[in-house]
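Since this is a predicted model, take the numbers as computed values, not measurements.
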Amino acid sequence: MSEFFDRLNEAYGEGQDITDIRVIVRRCWLFDFLDYPVRAWQGQGKLYTEDGSEWLGFMTYDGAPLITTPRISDGRDGTAPTYEFSMTLADLPEMPAFEAYEALKADQSRVVGRSVVCYLALIDVNEGLRPNTPLEFFKELTMQST
């Protein structure tokens with residue numbers, strides 16, 4: 001088993017009730033925009049993972065998400081459904097959000113065919129963020145347009 005599932009089993013332990021579980025699973029998204037890769041996680045502040053990556057929190061101070069993601073549907077019926085979601089870009093030190101969006105929109109080659117990878121991260125309740133959070137691969141999608 002992976003380190004992620006080992007830690008999940010450890011956190012769950014012998015729990016018999018949902019209140020016994022002291023861990024939260026959060027999504028981390030890697031948007032592989034050409035020249036503008038964005039790492040975002042479903043939380044606040046910066047998350048540092050075991051591979052040395054820095055992920056920006058995409059929740060406001062009051063818990064509102066800046067990335068809206070629908071459920072991923074089951075593709076076993078052979079269909080490839082459109083998976084649309086929205087992301088409110090944050091201003092980065094090297095580029096303001098609007099400028100990054102306009103650059104991506106103007107040059108679709110930075111987006112079309114590029115990957116969006118979703119990982120899962122374990123966050124311990126009342127412990128805060130660990131400096132080397134392990135990630136577990138969840139899904140990889142292909143971007144069609146901005």
Using a 4.5 Å cut-off on heavy atoms from C-beta on, say whether the side chain of [Y] contacts that of [X].
X      : Y      : result
Leu120 : Cys28  : no
Trp55  : Thr49  : yes
Leu122 : Val25  : yes
Tyr119 : Phe138 : no
Arg27  : Trp29  : yes

### Message
For the CG atom of Leu56 and the NZ atom of Lys46, what is their distance to the nearest 0.5 Å?
### Response
6.5 Å
### Task
Quick one: pull up CG in Leu135 and OG in Ser53 and give me the separation to the nearest 0.5 Å.
8.0 Å
### Query
Where the side chain of Glu140 meets the backbone of Val117, is there a donor-acceptor pair that is under 3.5 Å apart?
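Pair absent, no side-chain N/O of Glu140 close to backbone of Val117.
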### Query
Counting only N and O atoms by type, is there a donor-acceptor contact under 3.5 Å from the side chain of Arg114 to the main-chain atoms of Asp32?
yes
### Task
Considering non-hydrogen atoms only, spot the tightest contact between Leu30 and Arg39 and give its length.
CD1-CG, 3.6 Å
### Query
Can you list the residues that meet the side chain to side chain contact (heavy atoms under 4.5 Å, CB included) rule with Arg26, with sequence neighbours excluded?
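Per chain and number, Arg26 pairs via side chain to side chain contact (heavy atoms under 4.5 Å, CB included) with Ile24, Trp41, Gln42, Met59, Ile123.
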### Query
Under the side chain to side chain contact (heavy atoms under 4.5 Å, CB included) test, which residues partner Val112, sequence neighbours left out?
Gln108
